[in-house]
Amino acid sequence: MVETSVTTQSVVRLAEETFEDRDKAITWLTRPNEALGGHPPIMLCGTEPGAKQVKRILRALEWGGVV
């Protein structure tokens, strides 16, 4: 359970860095995302593979890549 919390915190932190705004990051994390099968990114953060998938998308967005 603690590991999940740490994983989620790291994803939230990366989203805040990517969007340079906490509110925008939270909005992105909680809205359905087509690249994630229509799931809100935050919902995938409960598992390590899901969190890795969300981080991959955030890094692509940060560098202007296509997801």
Between [atom1] of [X] and [atom2] of [Y], what distance do you get to the nearest 0.5 Å?
X	Y	atom1	atom2	result
R22	E17	CZ	CD	12.5 Å
L14	R59	CG	CZ	5.5 Å
L36	L44	CG	CG	5.5 Å
M43	T8	CE	OG1	10.5 Å

Working for side chain to side chain contact (heavy atoms under 4.5 Å, CB included), residues W28 and L61: CA-CA 12 Å; W28 185 83; L61 290 171; 3.9 Å; yes
Identified side chain to side chain contact (heavy atoms under 4.5 Å, CB included) counterpart of K52 within the set K55, R56, E48: E48
Chi angles and distances behind the side chain to side chain contact (heavy atoms under 4.5 Å, CB included) call for F19, L29: CA-CA 11 Å; F19 292 102; L29 286 165; over 6 Å; no
Shortest non-hydrogen contact between P32 and G38, atoms and distance: CB-O, 3.2 Å
Where L58 and V11 come nearest, the two heavy atoms and their spacing: CD1-O, 3.9 Å
Steps toward side chain to side chain contact (heavy atoms under 4.5 Å, CB included) verdict (V12, I42): CA-CA 8 Å; V12 171; I42 198 72; 4.2 Å; yes
